[in-house]
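Remember, it's 1-based here, ligands and their atoms both numbered in the order they're listed. Remember, predicted model here, so these are calculated numbers, not experimental data.
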Amino acid sequence: MPFIPHRVFFEDGSLDYPIAQKILDALKSNPRVSVNILKPKQRIKTISGASWQDAYEAGKRTLVVGIRKTLNFQSCKPSAHYQLPLVTGCMGQCEYCYLNTQFGKNPYIRVYVNLEEILSQTASYIEQRKPDITIFEGAATSDPVPVEPYTGSLAETIQFFARQEYGKFRFVTKYTDVDSLLNLDHQGKTMIRFSINADHIISNYEHFTPALPKRLLAAGKVAAAGYPLGFIIGPVILFDNWETEYKRMFKALRNNLGSNKPDNISFEVISHRFTARAKNTIMNVYPSTTLPMNESHRKYKYGQFGYGKYVYQPEQIEAITSYFRQAIEDSFPGAGIDYII
Ligand code: SF4
């Protein structure tokens with residue numbers, strides 16, 4: 001599922017970097033891609049008079065190539081110590097996506113070309129915490145895999161971490177174009193996780209993403225290449241028959257991984273949650289969504305970045321926790337569970 005943007009914008013100064021040149025070379029001769037080179041302080045042109053839906057669709061097909069100016073990395077609980085900013089945004093259109101809180105109507109995909117500076121800042125963070133290990137998350141505000149053919153940033157980053165004694169890298173994806181990562185010298189320092197879910201959730205809410213069997217096939221390749229492998233199951237939604245459907249998902253997982261199942265597989269489980277801002281975006285873009293977003297059925301929880309979330313009630317979280325603990329133990333005895341939230 002390759003990402004082909006409809007519009008690409010090069011921010012001022014970005015073309016001084018080889019990654020930007022590589023992107024320009026890849027897209028400039030495609031007649032279906034509008035290539036724009038921005039002048040200093042010139043902003044990305046929004047489509048005038050566009051409806052929410054049209055603006056959102058256009059945003060998801062817009063690639064912005066820029067220089068990451070802020071090199072203060074955000075914290076990234078519970079999966080890592082810091083976010084590693086390589087990419088923000090994603091071509092996928094999952095209705096529930098957590099990015100809906102951040103990007104609203106113009107969800108551009110933004111790649112940063114000053115990779116050397118970003119990695120040198122990463123090295124400083126590692127240095128500050130050593131001898132403790134510092135873990136960096138490469139997908140905190142994106143799915144970085146669809147733009148990897150254009151940037152090669154994940155490959156560079158994986159090789160950078162192979163050389164770090166006190167640093168580790170991890171990212172999560174729903175996408176499957178992982179072949180360019182398979183032969184890298186990763187030294188086991190990068191964990192690749194796949195985001196999976198029950199078929200009911202994938203087919204109803206995860207538009208423009210690969211189906212479960214394709215994700216599992218890619219996971220098998222990553223495991224065979226010796227990468228530590230993880231799965232994020234989420235968002236867990238309590239729809240009718242959820243237990244039976246998730247059971248089916250675990251069966252598919254066991255069958256597909258087969259002999260590629262590594263010993264140190266790990267799981268993260270995230271129950272469905274939404275913010276007021278995300279609900280507003282979702283209702284504008286998917287007015288007939290069936291996502292369960294009735295605030296009165298949920299518990300309000302204050303969040304890390306100052307905005308609260310509507311989460312399931314404590315007894316529902318308890319049901320999710322005990323179900324997934326058991327299901328993971330039954331399917332993958334001894335597998336690690338990083339958290340169930
Ligand atoms: S694949 Fe992930 S990042 Fe992309 S839209 Fe879906 S949930 Fe959001």
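- Close approach of ligand 1 to Cys90 is summarised as follows: ligand atoms under 4.0 Å from at least one heavy atom of the residue are 1 (S), 3 (S), 4 (Fe), 5 (S).
- Ranking protein heavy atoms by distance to atom 8 (Fe) of ligand 1, first place goes to Cys97 SG, 2.3 Å.
- Within the listing of ligand 1, atoms 1 (S), 2 (Fe), 6 (Fe), 7 (S) sit less than 4.0 angstrom from a heavy atom of Lys174.
- In this structure, Glu206 falls outside the shell of residues with a heavy atom less than 4.0 angstrom from ligand 1.
- Taking the centre of each ring, Tyr205 and His272 stay at or above the 6.0 Å mark.
- With Arg215 contributing its side chain and Ser195 its backbone, the two residues share a donor-acceptor pair below 3.5 Å.
- Between the choices Ser142, Gly92, Pro235, the shortest heavy-atom distance to atom 5 (S) of ligand 1 belongs to Gly92.
- Taking the centre and axis of the six-membered ring of Phe208, the NZ or CZ atom of Arg61 falls inside the cone set by 45° and 6.0 Å.
- Between Asp338 and Arg170 there is a salt bridge, since a side-chain N of the basic residue sits under 4.0 Å from a carboxylate O of the acidic one.
- Regarding atom 6 (Fe) of ligand 1, its nearest protein heavy-atom neighbour is Cys94 SG, 2.3 Å.
- Inter-residue side-chain proximity for Leu154 and Phe169 is flagged as met; some heavy-atom pair is nearer than 4.5 Å.
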